[in-house]
Amino acid sequence: MSFENPTREQIGDILASAGNIAVVGLSDKTDRTSYMVAGAMQSRGYRIIPVNPTVDGDILGEKCYHTLAEIPEPVDIVNVFRRSEFCAEVAQEAADIGARVLWLQQGVISQEAADIAAEHGMIAIMDRCIKVEEAITMHGRSRA
């Protein structure tokens, strides 16, 4: 079965109800796309939880965790800034913590990750920038 992203309306509903967004591969370097996108989402009122095994301390004023499993609170969206070949492992980790959505950033596609998400009742979104989708789908909408 070929993969299809949710509709724009469904993506808007996901973002409107999103609580915590774990950002896997969030860099502490301010010139990196992951940092800029996560910072923009944070400025729009989303709670960002950084996940990066090479960073100790904080990113964007939030404690950085080395793995998804270390996060001590529920995660709604796992937003992934990793190359496609690492996404299946991240998808399994997202399933293990009970995340609702696996979101692979623009340019990142992994059918295996999408299959893992589906097997565990998660919604998968691939090859889409969460910041762009938020700007398009949330224009004029309020978050829950």
To the nearest 0.5 angstrom, please state how far the CD atom of Glu62 sits from the CZ atom of Arg47. 4.0 Å
Reported CG-to-NE2 distance for the pair Asp115 and His120, which is rounded to 0.5 angstrom: 11.5 Å
Hydrophobic cluster identity match, Tyr65 and Tyr46, side-chain contacts under 4.5 Å: no
Would you compute the distance between atom CD1 of Ile123 and atom CG of Asn5 and round it to the nearest 0.5 angstrom? 11.0 Å
What pairs of donor and acceptor atoms, side-chain ones from residues 25-40 against any protein atom, are under 3.5 angstrom apart with sequence neighbours left out?
from  : atom 1 : to    : atom 2 : distance (Å)
Ser27 : OG     : Lys29 : N      : 3.0
Ser34 : OG     : Ser27 : N      : 3.0

Quick one: pull up CD1 in Ile14 and CH2 in Trp103 and give me the separation to the nearest 0.5 Å. 6.5 Å
Roughly how far, to the nearest 0.5 Å, is CD of Gln10 from CD1 of Ile125? 9.0 Å
Shortest non-hydrogen contact between Gln106 and Cys129, atoms and distance: OE1-CB, 3.7 Å
So which heavy atom on Ala22 is nearest to which on Ile71, and how close? CB-CD1, 3.9 Å
Examine Val75 and Val55 and state if one hydrophobic cluster contains both, with Ile, Leu, Val, Met, Phe, Trp and Tyr joined whenever side-chain heavy atoms are less than 4.5 Å apart. no
N/O donor-acceptor pairs under 3.5 Å from side chains in residues 76-95, not counting sequence neighbours:
from  : atom 1 : to     : atom 2 : distance (Å)
Asp76 : OD1    : Arg100 : NE     : 3.4
Asp76 : OD2    : Gly19  : N      : 2.5
Asp76 : OD2    : Asn20  : N      : 3.3
Asn79 : ND2    : Gln105 : OE1    : 3.3
Arg83 : NE     : Glu85  : OE2    : 2.8
Arg83 : NH2    : Glu85  : OE2    : 3.1
Ser84 : OG     : Ile109 : N      : 3.2
Ser84 : OG     : Ile109 : O      : 2.9
Gln92 : NE2    : Asp96  : OD1    : 2.9

To the nearest 0.5 Å, what is the distance between CD1 on Ile21 and CG on Leu15? 6.5 Å
Is Glu9 atom CD crowded by more than 12 heavy atoms from other residues, nucleotides or ligands, each under 6.0 Å away? no
Connected via hydrophobic side-chain network under 4.5 Å: Met122 and Ile97: no
For Glu112, does the CD atom have more than 12 heavy-atom neighbours from other residues, nucleotides or ligands under 6.0 Å away? no
State yes or no: do Ile59 and Ile49 share one hydrophobic cluster built from I, L, V, M, F, W and Y residues joined by side-chain heavy-atom distances below 4.5 Å, directly or via other members? no
Can you run down the salt bridge (Lys or Arg N to Asp or Glu O under 4.0 Å) pairs that involve residues 116-129, sequence neighbours left out, and say none if there aren't any? Arg128-Glu133
When you compare the side chain of Val23 with that of Leu60, does any pair of heavy atoms fall below 4.5 Å? no
Within one Ile-Leu-Val-Met-Phe-Trp-Tyr cluster: Val108 and Leu102, side-chain cutoff 4.5 Å: yes
